[in-house]
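Every chain is numbered from 1 and lettered A, B, ... according to where its sequence line falls, protein lines coming before strand lines. Treat the numbers as computed from the prediction; the structure is a model and nothing was measured.
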2 protein chains.
Amino acid sequence: MVHMGHIKIMEITIDIDDPVPLFAQLIEQIKKAVLSDKIGPGDALPSIRQLANDLELNSKTVAKAYRLLERDSVIQTKGYRGTFIHPDAKSNSTVDLNEWVMTKLNEMITTFRESGVTDSEIRIAFGNAMNNRGN
Amino acid sequence: MVHMGHIKIMEITIDIDDPVPLFAQLIEQIKKAVLSDKIGPGDALPSIRQLANDLELNSKTVAKAYRLLERDSVIQTKGYRGTFIHPDAKSNSTVDLNEWVMTKLNEMITTFRESGVTDSEIRIAFGNAMNNRGN
DNA sequence: ATATGAACCATGTGTGGTGATGGTACAATG
DNA sequence: CATTGTACCATCACCACACATGGTTCATAT
């Protein structure tokens, strides 16, 4: 059986001119669909190649979105069987990992600035820190 | 009196090919001179323009080094009267503000990574945080 | 065979930051 | 008038990264 036609049609619109990265637009809209109950736990998502083809995107771009959605437990990939909406998709769609990161970084940056550390110095130090997986 | 010749001669060598930024080389060497007692509290430093001329550097580059040294209380600028070594220069030369920044950032970055946050996401969030002075 | 996600190879474009340079101008002071 | 530090204006090359693209290959399983 090739699709059988009962894969949820994704009402997804990708705007090339939108400053928001394509993979991010994808994530946004899938989470939105989950939050508004247009898709729910167990529902199958189009395959990466399929969706890439439909939206005229590169498969790597879609794969990136799927990878992040899976990390956040919004979707679940079951190897060759395809990708499905995660049981806890709804609650996990509200949790914004990036927001937490932003908050923590803002606090730290504020502290640095108040201590007289230059923005330039903060950036340099950050760059170094990111390149020192060893400590 | 034009200099009177008793301004400490700075034994400073700037290496253009050194990957270390010129202004940073300057800071290093001045702190080093302080730590090895080659110059001490009260001693006058060459004026920004003077040093820039001697080392064949742009005055902005020297100004940047002086600005950072003053922030760290290694030197003290007295407006039109010139720049002098700070009373607590020696102890302040060992305190490395950047090291503290690096340590804090490393801790936070490690936490983020352990939480599954992508390096790319961390960088993006950091960039946003730096551009949100207001919150 | 066909299709899945995934892991590699690679390229190009655009953006944004640093470092360094140059010039001009200022108030304060000698 | 000369000199101090400082604050603006500006330009340039360099580098690192994000984003997106393309192609190939892989084990897995229908």
Are OP1 or OP2 of D:dC19 and a side-chain N or O of B:Ser120 less than 4.0 angstrom apart? yes
Would you be so kind as to tabulate the donor-acceptor pairs closer than 3.5 Å made by side chains of residues 72-85 of chain B, with sequence neighbours excluded?
none

For B:Asp88, the side-chain hydrogen bond (donor to acceptor under 3.5 Å, both in side chains) test, sequence neighbours excluded, returns none
Atom-pair distance (CG on B:Leu68; P on D:dT6), nearest Å: 11 Å
Just how far, in rounded Å, is P of D:dC15 from CG of A:Asn128? 17 Å
B:Asn53 CG - D:dT4 C1' separation (whole Å): 16 Å
What pairs of donor and acceptor atoms, side-chain ones from residues 13-27 of chain A against any protein atom, are under 3.5 angstrom apart with sequence neighbours left out?
unit_1, atom_1, unit_2, atom_2, d
A:Asp15, OD1, A:Asp17, N, 2.9
A:Asp18, OD1, A:Val20, N, 2.7
A:Gln25, OE1, A:Asp15, N, 2.9
A:Gln25, NE2, A:Asp15, O, 3.0
A:Gln25, NE2, A:Val20, O, 2.8

OP1 or OP2 of D:dT4 versus the side-chain N and O atoms of B:Ser47: is any pair under 4.0 Å? yes
Rounded to whole Å, how long is the line connecting atom CZ of A:Arg67 with atom P of D:dA18? 12 Å
Does the side chain of B:Lys64 get closer than 4.0 angstrom to OP1 or OP2 of C:dG19 through an N or O atom? yes
Side chains of B:Ile122 and A:Phe126, heavy atoms from C-beta outward: is any pair under 4.5 Å? yes
Would you call B:Arg67 and B:Glu70 a side-chain contact if the rule is heavy atoms closer than 4.5 Å? no
Restricting both atoms to N or O, compile the protein contacts to nucleotides 8-13 of chain D shorter than 3.5 Å, with distance only.
unit_1, atom_1, unit_2, atom_2, d
D:dC8, N4, B:Lys60, NZ, 3.2

I want to check something: taking the side chain as every heavy atom from C-beta on, are A:Leu105 and B:Met130 in contact at a cut-off of under 4.5 Å? no
Strand contacts (DNA chain D) in residues 71-83 of chain B, 4.0 angstrom heavy-atom criterion: B:Thr77, B:Gly79, B:Tyr80, B:Gly82, B:Thr83
What I'd like to find out is whether the side chain of A:Thr110 reaches to under 4.5 Å of the side chain of A:Glu114, using heavy atoms alone. yes
DNA chain D: B:Ala63 or A:Ser59, which has the more 5' nearest nucleotide? B:Ala63
Side chain to side chain, B:Glu107 and A:Met108, heavy atoms closer than 4.5 Å: no
Measure from CZ on A:Arg123 to C1' on D:dC17 and round the result to the nearest Å. 14 Å
Would you say D:dA20 has OP1 or OP2 under 4.0 Å from some side-chain N or O of A:Asn58? no
Starting from the 5' end of DNA chain D, give me the residue, A:Pro21 or A:Arg49, whose nearest nucleotide shows up first. A:Pro21
Identify which nucleotide among C:dT21, D:dA20, C:dG5 has an atom closest to any side-chain atom of B:Thr61, counting heavy atoms from C-beta outward. C:dT21
Taking side-chain hydrogen bond (donor to acceptor under 3.5 Å, both in side chains) as the definition, give me every residue that meets it alongside A:Lys90, ordered by chain and number, with sequence neighbours left out. A:Asp37
Check whether any side-chain heavy atom of B:Thr111 sits under 4.5 Å from a side-chain heavy atom of A:Lys104, and report yes or no. no
Interatomic distance, B:Phe126 CZ vs C:dG17 P [rounded to whole Å]: 10 Å
Measure from CD1 on A:Ile16 to P on C:dG14 and round the result to the nearest Å. 15 Å
Rounding to an integer number of Å, can you tell me how far B:Leu57 CG sits from C:dT21 C1'? 11 Å
